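What follows is a short report on a single structure.
Source: prediction; values computed, not measured. Start at 1 and go down the list; that is how both ligands and their atoms are numbered.
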Amino acid sequence: MERLFVSRYGYFTADGREYVITTPLTPRPWGNVISNGDYGMMVSQTGSGYSWRGNAGQNRITRAFQDLVQDNWGKYFYIRDLESGAYWSATYKPTQHAYQAYQGVHGLGYSRFLQEVQGIRSALTVFVAPQDPVECFELRLTNLTDRPRSLDVTSYVEWLLGFAPDEHREFHKLFIDTSLAPELRALLARKYLWGFPDDLGRHNNIDWPYVAFMAASEPLKSYDGDKESFIGLYNSLEHPQAMREALLAGRTGRFGDAIAALQVAVDLAPDETRTLVFTLGAAEQGREEVADLIRRYTSPEACARTLEEVHAFWSRLVDAEHVETPDPALNLMTNYWLKYQAISCRLWGKSAFYQVSAGYGFRDQLQDSQIFLVCDPALAKKQILLHAAQQFVEGDVQHWWFSIREWGPRTNCSDDLLWLPFIVDAYLKETGDMSLLDEPVRYINGAPEPLYEHCKRALERAFSRFSPRGVPLMGDHDWNDGLNAVGTRLKGESFWVAEFLYAILEAFIPLAQQRGDERFAQRCAEVRETLRWAINRYGWDGEWFLQATTDEGLPLGSHENEEGKIFLMPNIWAVISGIADPERAQQAMAAVTRYLLRDYGTLLNYPAFTRPRSDIGYVTRYAPGLRENGGTYTHAATWSVWAYALLGDAERAYEAYRRICPPNRSADPDVYKAEPYVTPGNIDGPQSPYYGRGGWTWYTGSAQWLHRVVTHWILGIRPQPEGLLIDPLIPAAWEGFKVTRRFRGAVYQIEVRNPQHVSRGVASLEVDGRPLAGQVVPVFGDGQTHHVLVVLGQL
Ligand code: GLC
């Protein structure tokens with residue numbers, strides 16, 4: 001089988017749907033974040049990771065700490081040879097035993113670990129049931145020797161059950177209760193405290209309303225619910241006491257440090273293979289029955305069936321759109337991994353190795369929800385309505401909120417609220433479903449109103465926060481969270497917010513007009529004009545646009561600054577928003593190219609701050625070159641692709657894309673370090689000693705945007721109110737490309753040919769064999785497949 005992007009750590013399979021890791025010693029944990037929208041788990045190439053239900057921060061099932069160096073918290077399986085007493089684990093951790101063969105495979109919704117140790121082949125497949133809060137471990141053992149082997153297999157997980165991290169462990173463990181359910185071959189765990197106040201505000205006074213379980217498909221040989229007897233005092237998971245004892249200690253109840261260890265016997269004749277299943281999960285009281293969940297999933301047959309369901313579940317989401325270009329990295333990221341990352345991790349799991357989020361970021365998951373627009377717009381709509389309900393009648397929003405019990409901070413952030421109309425516009429263009437605007441949604445402090453009013457209140461709130469010069473105030477910060485001291489006294493300005501607002505108003509004015517809200521449309525048009533004037537008058541620094549002014553009136557992102565001279569955001573959004581005239585747009589992007597477009601993507605600012613600045617914010621406190629301080633902040637770097645594309649600069653748009661497309665870093669994995677199949681939140685900039693190192697993988701808004709800038713601005717397929725615009729801007733070397741995607745109830749099979757090797761310009765367009773004038777393919781909505789043939793070139 002063909003292997004793609006081979007490095008000394010692994011490769012993609014030929015179809016791009018799996019990444020195969022060939023050694024457990026990758027330069028960082030290379031993981032998988034698997035979620036069904038409710039239950040979730042994470043697993044790295046060493047087999048480490050943890051599980052949660054509903055929320056990885058507020059409702060963790062198993063324990064783990066963020067330790068990317070040791071990567072030593074997990075749900076593990078020990079395999080023991082009863083004849084020799086030797087033992088190892090089905091994954092590299094925790095025993096780190098010498099192996100004859102190792103492979104870790106990450107796929108969409110599952111991971112698989114293959115090992116051969118002492119003549120025993122093990123294949124452990126882990127996944128989450130698509131419809132239930134259950135995680136399955138299918139362990140297939142094969143005897144490769146010519147003598148019978150007598151083994152046992154022992155599971156190990158440590159219960160957390162509630163808020164993570166449970167910093168005061170000695171307190172929290174007092175509330176956990178474990179018990180054996182012999183008829184279910186399972187250990188159960190409850191906790192009599194969650195960490196929330198009760199209805200009368202008495203803190204720590206409610207139950208954790210679940211029963212967690214670990215179950216086995218085979219008769220139990222022995223079990224243990226106590227960490228102390230399992231590991232042994234001052235021992236480790238690498239050499240636990242339990243592996244020196246014939247049987248597990250059988251301790252359960254309320255007085256130990258709670259774990260679930262189940263031991264089952266496995267005898268294997270030469271060449272024989274046997275499959276065992278373990279399940280882990282949490283049943284919510286009053287909603288699911290533990291016994292029912294265990295019985296439905298804890299058998300080899302159920303497990304095989306469930307894995308098929310996992311494949312179908314992800315296929316429905318990712319295969320609704322398929323691209324085929326001459327760039328294999330672009331193909332496999334766009335078709336599978338970016339969608340999977342955005343949905344499984346960002347929207348559903350909300351957790352990863354570098355960040356465990358306990359909530360939704362108002363702007364974060366709203367942007368991410370655009371990933372649903374092609375495959376399942378109803379899910380995007382659901383997300384939009386969820387966010388709209390986190391708004392105050394004053395128009396501002398909770399900057400983030402817990403996804404369980406909803407609490408979150410109210411701030412003076414200047415852009416979060418504006419993402420609501422921005423994303424609503426994307427939804428309307430894709431679906432044409434104007435009824436969204438009529439959906440009644442509550443306010444945190446007010447009665448429901450149609451979504452249109454929510455957008456309007458967000459805009460009105462933004463209009464009320466301008467400086468005397470007509471520039472939006474920075475407030476607590478703008479999109480760049482780390483600028484959190486620039487404008488807290490409500491004097492400093494954000495030129496980027498001016499541009500963002502300008503772009504939003506362009507789309508909102510026609511909506512207001514369609515609804516007969518002429519006065520507001522008029523007001524928006526006036527504000528737009530003010531913004532254009534103000535940014536060109538006060539925001540232009542001579543060669544590029546300023547990012548901001550501080551409360552003291554100092555410029556940020558100016559040639560006058562020694563550090564933070566130029567910022568990416570105000571320069572690319574000057575183009576994206578259309579606020580800059582063509583000449584300044586060119587000049588601003590020339591400055592971006594000169595100072596910011598580097599080998600590993602477009603930097604967020606340059607030069608980085610080397611000293612903390614109490615008048616700017618925590619961005620200046622990061623080490624120079626890291627994250628928002630002079631690194632490639634991937635989320636924003638995706639927008640530089642969009643800006644270059646708008647200028648018609650096909651080669652640079654593609655370059656800006658190529659440099660942040662992860663598989664392309666497979667040639668230097670020890671510099672890059674991060675997983676090649678998901679986007680990192682940041683890549684170190686030139687002022688870091690680790691220039692080019694990727695970090696903060698998985699939990700980043702860049703996944704959805706990298707998908708969107710490719711499909712919309714390189715392949716150039718953009719939904720418009722009246723149809724699907726096809727306006728590619730591709731590297732001239734390409735022969736063409738194909739895209740199949742759904743659009744408003746029909747399938748569009750688009751083939752673009754590029755015989756003259758141009759970058760843009762449609763010479764002819766045919767739909768179902770008939771020529772069509774213009775570049776907008778109409779809405780069919782007939783459930784049929786329509787063939788679109790586009791030839792690029794001169795007419
Ligand atoms: C983080 C935040 C996001 C913010 C970005 C830039 O990713 O979650 O909301 O816009 O940082 O600071």
Between Lys491 and Asp551, is there a salt bridge with N-O shorter than 4.0 Å? no
Out of Trp400, Tyr618, Tyr633, the nearest non-hydrogen contact to atom 1 (C) of ligand 1 is supplied by Tyr633
Glu499 and Arg532 ion-paired at < 4.0 Å: no
Check Arg457 with Glu460, please: is the shortest side-chain N to carboxylate O separation under 4.0 Å? no
Atom 9 (O) of ligand 1: the protein heavy-atom neighbour that sits closest, reported with distance to 0.1 Å: Arg363 NH1, 2.5 Å
Looking only at protein heavy atoms, what sits closest to atom 2 (C) of ligand 1 is Asp481 OD2, 3.4 Å
Side-chain ion pair, Arg363 and Asp416, N-O less than 4.0 Å: no
Considering only non-hydrogen protein atoms, determine which one is nearest to atom 12 (O) of ligand 1 and report residue, atom name and distance to 0.1 Å. Glu628 OE2, 2.6 Å
What protein heavy atom sits nearest atom 8 (O) of ligand 1, and how far off is it? Asp364 OD2, 2.7 Å
Is Arg627 close to ligand 1, meaning an N/O of one under 3.5 Å from an N/O of the other? no
Identify the protein heavy atom lying closest to atom 10 (O) of ligand 1, giving its residue, its atom name and the separation to 0.1 Å. Trp479 O, 2.7 Å
Mind checking whether Trp314 and Trp348 have parallel, tilted or perpendicular rings, split at 30° and 60°? tilted
Just by distance, with hydrogens left out, do His477 and Asn484 show a side-chain donor and acceptor under 3.5 Å apart? no
